[in-house]
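First, the structure itself, so that you have it in front of you.
Chain letters run A, B, ... following the sequence lines, proteins first, then strands; residues in each count from 1. It should be emphasised that the depicted structure is a prediction, and the values quoted were computed from it without experimental measurement.
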Amino acid sequence: MKDGRYGEFGGQYSPETLMYALSELETAYREAVKDPTFDAEYRRLLREYAGRPSLLYLAERVSADLNTTVYLKREDLNHTGAHKINNVLGQILLAVRMGKKRVIAETGAGQHGVATATAAALFGLSCDVFMGIEDTRRQSLNVYRMELLGAQVHPVTDGTGTLKDATSEAMREWSRRVEDTFYVIGSVVGPHPYPEIVRDFQRVIGDEIRAEMLRLHGRLPDALFACVGGGSNAMGTFFPFLNDKGVRLIGAEAGGEGIDTDRHAASLTKGTTGVFHGMKSIFLQDEEGQIAPVYSISAGLDYPGIGPEHAHLFRTGRAEYYPVTDEEAVCAFEYLSRTEGIIPAIESAHALALFRRMKDQFSPDQQVVVTLSGRGDKDVEAIGEYRGRFQKEEYHD
Amino acid sequence: MKDGRYGEFGGQYSPETLMYALSELETAYREAVKDPTFDAEYRRLLREYAGRPSLLYLAERVSADLNTTVYLKREDLNHTGAHKINNVLGQILLAVRMGKKRVIAETGAGQHGVATATAAALFGLSCDVFMGIEDTRRQSLNVYRMELLGAQVHPVTDGTGTLKDATSEAMREWSRRVEDTFYVIGSVVGPHPYPEIVRDFQRVIGDEIRAEMLRLHGRLPDALFACVGGGSNAMGTFFPFLNDKGVRLIGAEAGGEGIDTDRHAASLTKGTTGVFHGMKSIFLQDEEGQIAPVYSISAGLDYPGIGPEHAHLFRTGRAEYYPVTDEEAVCAFEYLSRTEGIIPAIESAHALALFRRMKDQFSPDQQVVVTLSGRGDKDVEAIGEYRGRFQKEEYHD
Amino acid sequence: MTKNRIDTRFAELRAKGRKAFIPFITAGDPDIGTSYKIAKELIRNGADLIEFGVPYSDPSADGPVIMRADQRALTAGTRLKDVFALSSSISSEFPDIPVVLLLYFNSVFVYGIERFFADCESAGISGVILPDLPLEEKEEAEPQALSHGVYLISMVTPVSEERTARILGQAKGFLYCVASLGVTGERSDFATDFTAYFDRLNALSDIPKCIGFGVSSPEQKASLQPFCDGVIVGSAIVRRIEEGIKEGLNSDRLAEKLGAYVRTFTEVTR
Amino acid sequence: MTKNRIDTRFAELRAKGRKAFIPFITAGDPDIGTSYKIAKELIRNGADLIEFGVPYSDPSADGPVIMRADQRALTAGTRLKDVFALSSSISSEFPDIPVVLLLYFNSVFVYGIERFFADCESAGISGVILPDLPLEEKEEAEPQALSHGVYLISMVTPVSEERTARILGQAKGFLYCVASLGVTGERSDFATDFTAYFDRLNALSDIPKCIGFGVSSPEQKASLQPFCDGVIVGSAIVRRIEEGIKEGLNSDRLAEKLGAYVRTFTEVTR
Ligand SMILES: Cc1ncc(COP(=O)(O)O)c(C=O)c1O
Ligand SMILES: Cc1ncc(COP(=O)(O)O)c(C=O)c1O
């Protein structure tokens, strides 16, 4: 497979303004991975700043309830509360290595923006984050967090005011300031080499799962579940197992209000091949390639495409992907909160919801790992609204 | 020293209705600590649920800026985001061991309530949390979190509607349902045996600091800083070092708008000996023992007293305590966010602020540990308001 | 040292085969002058002892009715010296009626334990109930109390379990038998099995036993009296004071109203 | 296969010592009929080539002015067939004027690459600019384009660095020289050192070179022309269309207004 291609997917469909920067990035990255001090510093930051390794948690009450053995990979316990920090620390180290003084990022749920602002603060870089205006409302707490971390948050009013528009705007900004700016992409999307870089920085999730499952059980898990927005936590989870045919790799897409409505973000299930945001992949679009407005209760999954490597795994059948509705995700969100005392990100709740739906495909002696990509504090208020709860007057004294 | 006494402080100043329950608790606790399976289960939960050990983080940029070596003990990375979970897991295990099916708790910042609701969910116990009405407003996100975890939150309208009133109400509720209810106290306060139990369940903080500092440097730190509300994170930090005279133990109290105003919660600095909430300790009160209304920007420090063991350490001079104003704490909150990409709880920011003020007492070759008792997500909005920021219109596109 | 009025009083009542009626009011609710008038009316209408609550900022063993009364009394500026003055007036005007204070230990501790009991003695106070000073902590105050002829009244509850014997072993004056779990406040019903409760208590000691916490009607009083030597009524009375205040009654009318209310208790199965 | 109009056009211009003026409009803004009228006026007022933008939902290389134009065109229901029809009319009415499309590669890819260029050929389209199909990905479309006599116009930027030689090595028709970093949109000033930029370009190839991205006034055009063979003006024109729409001009008035505006460019240093 040629560099940057995953079967027919991937590539580098970028404006010429960015092409030199992309090749510079690729060169810097190839050098960095060969440099042991880079890897050592990245590992040190994961350990001593992000707090890795993250827990592989045996969810006993869920296991008993669903009659399987379920482990949760607790990315929610990372500093800043999601898997996004793994990737950001790697990219920021690259940015520093390349002598950049300024970083930009797009963000959906705000987790990637918070992670980027965090790492930028840690390295004293200036940081601008682009966020759809709709998402700044859905995730206002994260807007505040980024500002506190010293980042400028730019609400993007174009289009649907969500992640795709934030991404477009970040790309525009990068092309304006490509010489002094490093663009920290938040998922396994965009032009090559981003999908590869982000996957490499997220594979620590799957590497840890693998090592821990071997340590605990002397064998690999039977299935891995993860949610897919752009697909970084899923790619990080799946990648180290790609050649282990016995391990089912299962992704949960945002089914929104249902894939028979036009209110969803189930790119693989309902999308077609296209070229957008620098990559060839599978997108929700019309017959002329106009990108469809998408929807999910989860800001982090509210994206009309998916990383090219997932498109390839989907087409080749190596991984499976199914849509999960808002309602199923919210139920799983509540279920895990009450059952294990763990409030998951609404994104991650999609993965758990999918596992709950598919539980009968697994026997009690099989082992399943669900990646909890982040914590749900950021979502609590929105879920309350979705449920029509939290009328303060209801309180009794 | 007699059981439950710390010099002149401590004791068991409780209504007769609760006395048998307290002795039952003490008996159960004494048996539990002797039972290796109890300790093993507690340690397992700390490791596999709370995510311990928590990181001891070398804050390089802060160290460079303040010209000392500063480690942060990262309790903010624990599941649920604060040190409170350490204690709660221990007490819930005790509750289960005692056959209780229901737990209650008071909460200030909401962190203890969230931790209790979390552990109650994990063990399938019913849970009621009492929270001052003022605090339900200051920390509304945590109210939502507790509800999601299946707890009932009862806003307390008495008095100043803060932690002291929530504590009184929890005690009332306990006396109503003492037979089937376990009262999970959130700090090293209350009647014996609570201060001892909570300290024992929090000493893991100090034990880990000690082991890690010895591993890293072969010697003990020169000073430990922690904030004191009731005093549990500070007691957990200090306790394993009580006999190490070379280690300065330094607590930060809530100085509010200044200790020369009547808007603060600096119990040790301005308080006198008294008896309240079941313990003899030092309280902010008038000449007839009426408890003073107190204030702090930090809901978790907004309490007119302190645990009896701290009162003893204060009187004997083994530990030092100084007030920190709201403004100093907010500055430290912002400082750490921007400098290290770590948003601390506003409570914890008091400890860091105190260290910043006292930095000249430490030379660059000395090592100081500041306990970051929790993460600041819960505070971001309130701090924004304090600063008069976050007018959405200010955004530029 | 003279004989404690409490002992005298219960001896008399036992001799007559009567049960004590002990009303409680918060001193200073709504002001100390009115408390004085109310107290006199209570006594005129049959109170055998009188219990004054000392208002406290954070009454953690009390329910909402008494919490509000404490708040009113504090707002009116009530201080310990006022409570002593009130007690002094009542105890001198009614030499047979024992005056008992109910207060949180902090009020005593911060005032100074020795000083407090000395002032009790001067004010003619016979007993002090400290709901948050259990057996285990009592030695901190009891020597001083006794040296001034004041009894620390012990409380016992249906869940005191094996502590019961120890409590009864050292109780003086009378035993405050908590009728049910929880804080002060009226109960429409008690879950407690009074027969078993009092069999246990009576087997342990002969001391006069009064039931309190939650007694809310003359009928309840009537049904509890057979078990014990007296009944304490607090929140039900304090609630009438609150109502009277809301109705805008002046202090004489308020005192009258309370007198009439208390008569409904004392008239029943005297 | 006939000679590509672009080559003919630039040969003529060079022969006359003239510089090309290339206006850009979004096809279908505000509707396809008006675009036709505007295009004719642009040509009558001196356009040497005409560039039609194909409206796209997410034009990530465009600034706000063209984003809004795309939005208007899509709202009006503009589809590729309309753009082909428009191009067809213009290319047949003005046999000398090359028509060039600017669109995102996804529009081509999803339509079908072979089908797309076949339809280009039928519509008399001479070139296609695909801003997100760089050198590295070009082979995916170029064979089909060329087999239908359509040039894929290459872009080069001041930050193409060592890529510049490769780009120029394969460029056909003319070279789109991006004037400055960033997306489309008017600039009051350029940071670019045009002398150095074009020395570099001219040393590498003789292909006609046109400057685009950000040219906002006749004066700017005048100052850039000496460096190159032509100037492309997009956002400045599209902004006048937007203004005309806001003023409520009908399509004839709008076309007239644009004709007059464009004349200010073509009159200057013709
Ligand atoms: C917690 C969480 N999970 C998942 C996602 C989706 O991203 P990805 O598919 O790249 O993991 C996001 C994106 O913001 C997120 O915040
Ligand atoms: C993060 C945090 N730190 C500190 C405190 C103060 O409690 P303590 O002094 O018992 O540690 C609280 C109380 O809620 C808290 O939430």
### Message
For C/Arg79, which atoms come within 4.5 Å of any heavy atom of chain B: side chain, backbone, both, or neither?
### Response
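Both backbone and side chain of C/Arg79 come within 4.5 Å of chain B.
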### Message
Nearest 0.5 Å, please: how far is CG in C/Leu181 from CD in B/Glu179?
### Response
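B/Glu179 CD to C/Leu181 CG: 5.0 Å, rounded to 0.5 Å.
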### Task
Please examine the side chains of B/Leu18 and C/Val159, heavy atoms only from C-beta on, and report whether any two atoms are closer than 4.5 Å.
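Not in contact.
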### Task
To the nearest 0.5 angstrom, please state how far the NE2 atom of B/His192 sits from the CD atom of C/Glu137.
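The NE2 atom of B/His192 sits 9.5 Å away from the CD atom of C/Glu137.
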### Task
Would you please go through residues 287-302 of chain B and name the residues with a non-hydrogen atom below 4.5 Å from one of chain C, in numerical order?
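B/Glu287, B/Glu288, B/Gly289, B/Gln290, B/Ile291, listed by number.
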### Any donor-acceptor pair under 3.5 Å from B/Arg172 side chain to C/Asp62 backbone
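Checking the backbone N and O of C/Asp62 against the side chain of B/Arg172, a donor-acceptor pair under 3.5 Å is found.
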### Query
Can you say whether C/Tyr56 sits under 4.5 Å from chain B via the side chain, the backbone, both, or neither, judging by heavy atoms?
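Contact with chain B is through both the backbone and side chain of C/Tyr56.
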### Query
Could you give the distance from CD (C/Glu136) to CG (B/Leu22), rounded to the nearest 0.5 Å?
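The distance works out to 9.0 Å.
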#### Entry: chain B contact via C/Glu140 - which portion, at a heavy-atom distance below 4.5 Å
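Contact with chain B: side chain only.
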### Query
Which atoms of C/Val156 come close to chain B, meaning under 4.5 Å heavy atom to heavy atom: side chain ones, backbone ones, both, or neither?
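Interface part for C/Val156: backbone (N, CA, C, O).
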### Task
Could you tell me which portion of C/Leu130 (side chain, backbone, both or neither) has an atom closer than 4.5 angstrom to a non-hydrogen atom of chain B?
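Neither part.
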#### Entry: Heavy-atom closest contact (B/Val275 atom, C/Asn106 atom, distance)
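That would be N-OD1, 2.7 Å.
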### Message
Distance check, rounded to the nearest 0.5 Å: B/Ser23 atom OG versus C/Glu162 atom CD?
### Response
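If I round to the nearest 0.5 Å, the distance is 5.5 Å.
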### Message
Report which part of B/Phe276 has an atom under 4.5 Å of a heavy atom belonging to chain C: side chain, backbone, both, or neither.
### Response
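Contact with chain C: side chain only.
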### Query
Which region of C/Pro131, side chain (C-beta onward) or backbone (N, CA, C, O), has a non-hydrogen atom less than 4.5 Å from a non-hydrogen atom of chain B, or is it both or neither?
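Only the backbone of C/Pro131 comes within 4.5 Å of chain B.
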### Query
Taking atom OG of C/Ser57 and atom CG of B/Asp165, what is their separation to the nearest 0.5 Å?
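Rounded to the nearest 0.5 Å, the OG-CG separation comes to 9.5 Å.
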### Query
Are B/Thr273 and C/Phe109 side-chain neighbours, meaning at least one heavy-atom pair lies under 4.5 Å?
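Yes, close enough: below the 4.5 Å cut-off.
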### Task
Go through C/Pro64, C/Pro59, C/Pro158 and name the one with the most non-hydrogen pairs under 4.5 angstrom from chain B.
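Heavy-atom pairs under 4.5 Å are most numerous for C/Pro59.
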### Task
Please name the pair of heavy atoms, one in C/Gly182 and one in B/Thr17, separated by the smallest distance, quoted to 0.1 Å.
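Heavy atoms only, the tightest pair is N-CG2, 4.2 Å.
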### Task
Could you list which of residues 277-286 of chain B have a heavy atom closer than 4.5 Å to any heavy atom of chain C, in residue-number order?
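Listed by number: B/Lys280, B/Gln285, B/Asp286.
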### Query
Less than 4.5 Å apart, any side-chain heavy atom of C/Ile167 and any of B/Glu16?
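Touching, per the 4.5 Å side-chain cut-off.
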